[in-house]
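Reviewing the structure listed below.
Residue numbers count from 1 along this sequence. The figures that follow rest on heavy atoms only: side chains count, while hydrogens, waters and symmetry mates do not.
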Amino acid sequence: GDLLAFWFAGTREGSPDVKIWSSTYHLGHWSMAQAMLDPSMIAKANHRYVIKVGNPVIYRAQNRVLHLFVVSVSVGGWSGSTLNHLTSHDDGKTWSKPERIVISPFFNLSTLVRTSAVSLSDGGFYLPVYLELGRKYPELLRFNADGDFVEQTRITAKNRMIQPSVMPISSDSAWAYFRNSSTNLDKRELFVSKTSNVGKSWSKPQATNFTNPDSSLEVVNLSDGRYLMVYNQENRSHLDLAISTDGLSWHKIYELENTFGDEFSYPSVHVNNHGYIDILY
């Protein structure tokens, strides 16, 4: 019944003093935040220079192992990033050394994470990722039941569709929603793709009835068959909840935050038993 949260914090995004922090929620209270990972630790483990870290994503596999994915950068901006993988077999009390995931035999750059992983029936999982080197597009990384990287699949080549939130809707079908980072302010539709063959191929992205202001979102299943979205629509001063029954047409049901000049973003959602939903942002 406890929660384990991870985030990155420091002077500002991309600053060398940014670290990965964690806290545990127990009996109604959050523990004091603990710094668990910084650039020097990743540099030492991978024998390479690291200037900044960010975007932690946590996932508990079916065998109860915790997988933590963290982005690190050795040179340049986020487009020069690499992906690091840590595991814990004792509910986050201790962790393995960060290991760099080799996705490409060539540059192995520009793979980033932001949204939750999705369990597969064989005990493995899909990790949604996105690339920012040149064109920006979303992919899936498949890991086997042992937590080893197996293969990658591009969801779409449509430019500037990043930070995919993948939501299974049956044993072989799922929706993938994208942050639209288009520079064209008149083309900020919220796009979605669908797979009907367990992620092997995806439909051409189609627009929903919502817009997206270049901001990450997350979509999850509810027990009654409806879908829940936590999202920014106008700007990051507003964070709202929406409901859909078909994955394409959405309607707002609740306003989580609305404070001009502040930012409420990067939501993470976990649906529990008995109808409880945890949202961190």
Are [X] and [Y] linked by a side-chain donor-acceptor pair shorter than 3.5 Å?
| X | Y | value |
| --- | --- | --- |
| Q34 | S22 | no |
| N84 | N46 | yes |
| D172 | S170 | yes |
| E218 | S116 | yes |
| S72 | T82 | yes |
| R114 | Y130 | no |
| D2 | T24 | no |
| E13 | W78 | yes |
| H238 | N258 | yes |
| T245 | R226 | no |
| Y281 | E257 | yes |

### Verdict with reasoning, Y137 to F178, per ring-ring contact (aromatic ring centres under 6.0 Å, His included)
CA-CA 9 Å; Y137 54 87; F178 312 111; over 10 Å; no

### Message
Salt bridge or not between R60 and D91? Use side-chain N to carboxylate O under 4.0 Å.
### Response
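A salt bridge is present here (some side-chain N lies under 4.0 Å from a carboxylate O).
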
### Message
Do the side chains of E255 and K252 get close enough for a salt bridge, i.e. N-O under 4.0 angstrom?
### Response
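Salt bridge present between E255 and K252.
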
### Query
Are more than 12 heavy atoms from other residues, nucleotides or ligands located less than 6.0 Å from atom CD of E99?
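Check fails, neighbour count at 12 or below.
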
Checking [X] side chain against [Y] main chain: does a donor-acceptor pair fall under 3.5 Å?
| X | Y | result |
| --- | --- | --- |
| E132 | G80 | no |
| S203 | S193 | no |
| S215 | N232 | no |
| N272 | G275 | no |
| R160 | S181 | yes |

Is any side-chain heavy atom of [X] less than 4.5 Å from a side-chain heavy atom of [Y]?
| X | Y | result |
| --- | --- | --- |
| N212 | E189 | no |
| W175 | I169 | yes |
| L222 | D224 | yes |

### Message
According to a hydrophobic-cluster definition based on side-chain heavy atoms being under 4.5 Å apart (Ile, Leu, Val, Met, Phe, Trp, Tyr only), do V271 and L239 belong together?
### Response
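Looking at the clustering, L239 is in the same group as V271.
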
### Message
On a heavy-atom basis, which atom in P128 and which in L140 lie closest, and how many Å separate them?
### Response
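Smallest heavy-atom distance, with atoms named: CA-CD2, 3.9 Å.
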
### Query
What closest approach, in Å, do V192 and L248 show between heavy atoms, and which atom pair accounts for it?
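Looking at all heavy atoms of both residues, the closest pair is CG1-CD2, 3.5 Å.
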
### Query
What do you reckon, are the aromatic ring centroids of F210 and F191 less than 6.0 Å apart?
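For F210 and F191, the ring centres are not under 6.0 Å apart.
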
